[in-house]
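Encoded as structure tokens, the structure appears first; notes follow it.
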Amino acid sequence: MTTSVDGRATRWAQHNAERRRELVEATLRAIRKHGHGIGMDDLAADAGTSKTVFYRHFGDRTGLYTAVVESVQEFILGNVTGPLAAELPPARLVTELADAYLAVVEADGEIYRFVANRPGDSPDPVLGITNRIGDEVSAAFRRWLVAEGLDPEPANIWGHGAVGFIWAVADRWILTDLRRPRADVVAYVHQFFAPAFAGQQTTRTTLPTKES
């Protein structure tokens with residue numbers, strides 16, 4: 001009897017998870033179609049269901065918002081995995097990370113605006129993902145610094161700072177309605193960071209060693 005009850009509970013949980021996923025995907029489609037300011041009535045109508053169904057699965061609009069953010073964050077992480085896994089030099093890593101993230105923003109501006117306009121006192125969606133990516137960028141910077149014979153201590157600050165810089169650039173780019181081409185924005189990011197990392201290598205070759 002217990003096994004049967006547990007099996008039904010597992011199937012019900014799987015059904016609920018699948019239904020939540022379907023509703024999140026329907027929400028993303030509706031936002032792309034109608035814009036980030038879409039209301040729950042229009043959202044439910046576009047999904048071919050009712051607000052009651054959404055509230056049953058997510059509790060309220062904040063619950064739905066949180067589920068959408070989680071989906072978007074996984075999508076972003078999937079798109080920036082390439083640069084993070086490629087063991088690139090720091091300047092190129094920052095440049096390619098910026099390009100990958102801005103490409104997501106460019107392709108899905110309304111989704112980005114929806115996520116950026118969080119309701120009420122819901123958690124800041126930026127903190128979780130920037131911390132995760134910042135940790136990975138910091139680790140990459142640390143490996144580069146060690147390989148170059150440089151002090152690895154700045155890696156954490158540089159890594160999280162670079163990710164925060166890219167996110168701030170994306171926010172500003174959205175506010176200007178993507179007026180400047182993405183390639184230009186990425187080039188400016190590279191122009192800012194490349195000399196800084198090149199300067200670290202110059203410092204290594206010009207500073208006196210302890211033996212001297």
Side-chain angles (χ1 to χ4, degrees), residues 28 66-109 111-113 115-116 118 122-176 178 180-212:
L28 293 170
T66 300
V68 168
V69 167
E70 291 173 355
S71 175
V72 170
Q73 288 185 345
E74 290 305 314
F75 179 75
I76 291 172
L77 286 170
N79 278 268
V80 301
T81 296
L84 290 172
E87 293 297 325
L88 301 171
R92 187 177 170 195
L93 172 58
V94 172
T95 301
E96 294 203 10
L97 184 64
D99 190 45
Y101 182 63
L102 292 176
V104 172
V105 173
E106 185 175 42
D108 251 338
I111 300 296
Y112 187 91
R113 290 181 177 93
V115 170
R118 68 185 191 274
S122 56
D124 186 345
V126 171
L127 292 179
I129 189 168
T130 55
N131 282 338
R132 290 171 68 180
I133 296 176
D135 285 343
E136 294 195 46
V137 174
S138 298
F141 285 179
R142 179 175 292 274
R143 290 191 295 272
W144 177 81
L145 286 165
V146 170
E148 292 291 326
L150 296 165
D151 181 5
E153 280 302 308
N156 191 57
I157 292 174
W158 290 354
H160 285 274
V163 171
F165 184 94
I166 292 169
W167 256 247
V169 166
D171 286 346
R172 185 62 189 174
W173 196 42
I174 278 285
L175 286 176
T176 63
L178 315 185
R180 188 171 294 280
R182 184 176 94 237
D184 287 359
V185 178
V186 173
Y188 291 149
V189 172
H190 177 78
Q191 185 180 18
F192 184 79
F193 281 96
F197 288 112
Q200 300 307 311
Q201 294 171 304
T202 302
T203 299
R204 180 196 59 192
T205 59
T206 57
L207 283 180
T209 64
K210 289 181 179 178
E211 289 76 12
S212 60

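As a basis for the values below, the full set of heavy atoms in this structure was taken, side chains included, without hydrogen atoms, waters or symmetry mates.
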(request) Measure the shortest side-chain to side-chain distance between Arg92 and His190 over non-hydrogen atoms and say whether it is less than 4.5 angstrom. (result) no
(message) Quick one, Ile174 and Tyr112 - any side-chain contact, counting heavy atoms below 4.5 Å?
(response) yes
(request) Would you check if Leu97 and Ile133 make a side-chain contact, meaning some heavy-atom pair closer than 4.5 Å? (result) yes
(message) Measuring from atom CG of Leu84 to atom CG of Asn79, what distance do you get when rounded to the nearest 0.5 angstrom?
(response) 11.5 Å
(request) Assess whether side chain to side chain contact (heavy atoms under 4.5 Å, CB included) is satisfied between Leu175 and Asp171, documenting all intermediate values. (result) CA-CA 6 Å; Leu175 286 176; Asp171 286 346; 5.6 Å; no
(request) With sequence neighbours excluded, tell me which residues meet salt bridge (Lys or Arg N to Asp or Glu O under 4.0 Å) with Arg132. (result) Glu74
(request) Start with the C-alpha gap between Leu178 and Arg182, add the side-chain angles, then the distance that decides, and say whether side chain to side chain contact (heavy atoms under 4.5 Å, CB included) holds. (result) CA-CA 8 Å; Leu178 315 185; Arg182 184 176 94 237; over 6 Å; no
(request) Mind telling me whether Phe165 and Phe193 have parallel, tilted or perpendicular rings, with 30° and 60° as the class edges? (result) perpendicular
(request) Output the distance between atom CH2 (Trp167) and atom CG (Leu102), rounded to the nearest 0.5 Å. (result) 9.0 Å
(request) With the side chain counted from C-beta on, respond yes when Val94 and Phe141 share a heavy-atom pair under 4.5 Å apart, and no when they do not. (result) yes
(request) Output all residues satisfying salt bridge (Lys or Arg N to Asp or Glu O under 4.0 Å) with Glu70, sequence neighbours left out; order by chain, then residue number. (result) none
(request) Nearest 0.5 Å please: distance from the CD atom of Glu96 over to the CG atom of Asp99. (result) 7.5 Å
(request) Using salt bridge (Lys or Arg N to Asp or Glu O under 4.0 Å) as the criterion, list what pairs up with Arg113, not counting sequence neighbours. (result) Glu110, Asp177
(message) Do His160 and Asp135 make a side-chain contact, defined as non-hydrogen atoms from C-beta onward lying under 4.5 Å apart?
(response) yes
